[in-house]
There are 2 protein chains.
Amino acid sequence: MPGTADLTAEIAPRRPRVPAAERERMILDAAVTFFAEQGPEGQTRLLARAIGIPHSVLYRHFPSKEDLFAAVCEEMFRRRWQPEWEALPRAPGVSLEERLLRFYRQAGQVILAPEFLRLALFVGLADHPSGAVLRALMRQHVVAPLAAALGTGPAAEEAAWNLHGRVFYAGMRMAVWRGGAPRDPAQAVEAAIRGHVAGALAALPA
Amino acid sequence: MPGTADLTAEIAPRRPRVPAAERERMILDAAVTFFAEQGPEGQTRLLARAIGIPHSVLYRHFPSKEDLFAAVCEEMFRRRWQPEWEALPRAPGVSLEERLLRFYRQAGQVILAPEFLRLALFVGLADHPSGAVLRALMRQHVVAPLAAALGTGPAAEEAAWNLHGRVFYAGMRMAVWRGGAPRDPAQAVEAAIRGHVAGALAALPA
DNA sequence: GCCGTTTGTGACCATTTGGTCAACAGTTTG
DNA sequence: CAAACTGTTGACCAAATGGTCACAAACGGC
């Protein structure tokens, strides 16, 4: 019966072996998009199916779902950030508007990506431990540099939060309420920045 | 043994009967704060415990958890809205800033309440059917009146989205990332409006 | 080819969770 | 008082779900 062996092979096509480090990267990458989409409640079996492995493999590489989710947050809220971006808002010899645009063009690749925004919201809503990391990133590495570019004192920090809030919301309209934002992401963010700078300059003649 | 009867009563203290309409209100009110806190995944047993009833009572009044959640969204995204608010941004004889402040002081009681913001985010993130209702509320009853007050054409609508985004974000910082916003809610929103108007007036000399 | 190590696999487990139900107990009505 | 109705209760069910494990297959050094 030559057909029998083939049939068995088709039913259980043994997946090729992959070294641990590489598999961990595969899992982590898939988990980023998966948890960003489904939230922390996303089922491990679905994630595994998206990768094409039985879900028990996940537990060979990550002790628990919590740990995997924490690793995803670590990746998104810490590892992807580039400290040199923080100098952009104060680059010498460039107009304020242009400096802010450059900052968000770079940093926005990370902090305005739909995955980032959605994950940030999930973490915030669930009051997840990783929220502390997120808040630190926002305050120290985003808002603080912006504030330094906008002036000094509490007024500048206020203005920085406002700017970032406006940009963040522009991103959110696309990452969360998808049905309601037919615009081009980059363009919307750019418009938000230009509008805000025009307003801020008028309001804060410092 | 006089104690026995008392002990039984303490173990199974029969809850007083409540007419159906009243019980439904109790459940709906509790469900609003409960789902706003826990999201659509909140367990019916926990909700029931918060009310002080066995969870089977929920299913006598609502066919399923989905229906209950939909009822909560209906309550939040439709029933609580007062159409007369929509006239406030164009009240005659009042400065623009004051008109906007009045609008948000009224409408903000609903659409900037932490429960509303959190529910809106949960619905958006989960791509829940009620998201359509939410988007309609935002576009037709919030942004459209604002835009009408700010001018005409796409620029006014753009400005309206920006204003609302800024205010929304101010509310969100308190309703979602709780650790990061030590300010007084009403004051933060007011500051956001004043700042935005100052900026918008400077940028849009229409 | 042999053997220890690493990786893939599916069955299995305990708990959780949305939902159901039959029995029981106040209320109302005749 | 009895019957009909309405509301309450806890046990129960099936499916889902995070997590475990024993075993088989591939790999690598000898």
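Just so you know, these numbers come straight off a predicted model, no measurement behind them. Chain A is the first sequence line, chain B the second, and so forth, proteins listed ahead of strands; every chain is numbered from 1.
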- Query: dA15(D) P sits how many Å from Lys65(B) NZ, rounded?
  - Reply: 18 Å
- Query: Expressed in angstrom and rounded to an integer, what is the separation of His55(B) atom NE2 from dA11(D) atom C1'?
  - Reply: 11 Å
- Task: Mind running a 4.0 Å heavy-atom check of residues 25-37 of chain A against DNA chain D and sending the residues that fall below it, in number order?
- Result: none
- Provide the closest heavy-atom pair for Leu146(A) versus Leu100(A) in the form atom of the first, atom of the second, distance. CD2-CD2, 3.5 Å
- Message: Donor-acceptor check, side chain of Ser130(A) to backbone of Val133(A), threshold 3.5 angstrom: yes or no?
- Response: no
- Please give, in whole Å, the distance from dG19(C) P to Phe69(B) CZ? 14 Å
- If the plane angle is over 60° it's perpendicular, under 30° parallel, otherwise tilted; pick one for Phe168(B) and Tyr169(A). tilted
- Verify whether the ring centers belonging to Phe122(A) and Phe35(A) lie closer than 6.0 Å. no
- Query: Taking only N and O in the side chain of Tyr59(B), is any of them less than 4.0 Å away from OP1 or OP2 of dT20(C)?
  - Reply: no
- Identify the two heavy atoms, one from Thr44(A) and one from Lys65(A), that lie closest to each other, and give their separation to 0.1 Å. CG2-CG, 3.9 Å
- Message: Please compare Gly52(A) and Arg45(A) by the position of their nearest nucleotide in DNA chain C and report the one closer to 5'.
- Response: Gly52(A)
- Message: Whole angstroms only, please: what is the CD-P distance between Glu41(B) and dG18(D)?
- Response: 11 Å
- Message: Please report the interatomic distance CG(Asp29(B)) to CD(Glu75(B)), rounded to the nearest 0.5 Å.
- Response: 7.0 Å
- Task: Give a yes/no answer on whether the side chain of Ser56(B) brings an N or O atom under 4.0 Å of OP1 or OP2 in dT9(D).
- Result: no
- Task: Would you kindly give the CZ-to-P distance between Arg49(B) and dG10(D), to the nearest whole Å?
- Result: 13 Å
- Task: Evaluate the side-chain proximity of Trp177(B) to Val123(A): yes if any heavy-atom separation is below 4.5 Å, no if none is.
- Result: no
Just the atom pairs and distances: protein N or O near nucleotides 6-8 of chain C's N or O, under 3.5 Å.
from   : atom 1 : to       : atom 2 : distance (Å)
dT6(C) : O2     : Arg17(A) : NH1    : 2.7
dT6(C) : O2     : Arg17(A) : NH2    : 2.6
dT7(C) : OP1    : Ala20(A) : N      : 2.9
dT7(C) : O4'    : Arg17(A) : NH2    : 3.2
dG8(C) : OP1    : Val18(A) : N      : 3.4
dG8(C) : OP1    : Arg23(A) : NH1    : 2.5
dG8(C) : N7     : Arg60(A) : NH2    : 3.0
dG8(C) : O6     : Arg60(A) : NH2    : 2.7

- Quickly work out the Ile51(B) CD1 to dG7(D) C1' distance and round it to whole Å. 15 Å
- Nucleotide dG18(D), atom C1' - distance to CG of Asp67(A) in whole Å: 13 Å
- Roughly how far, to the nearest 0.5 Å, is CD of Glu157(A) from CZ of Arg139(A)? 8.0 Å
- Query: Which distance, rounded to the nearest 0.5 Å, do you find between the CG of Leu101(B) and the CD of Gln106(B)?
  - Reply: 12.0 Å
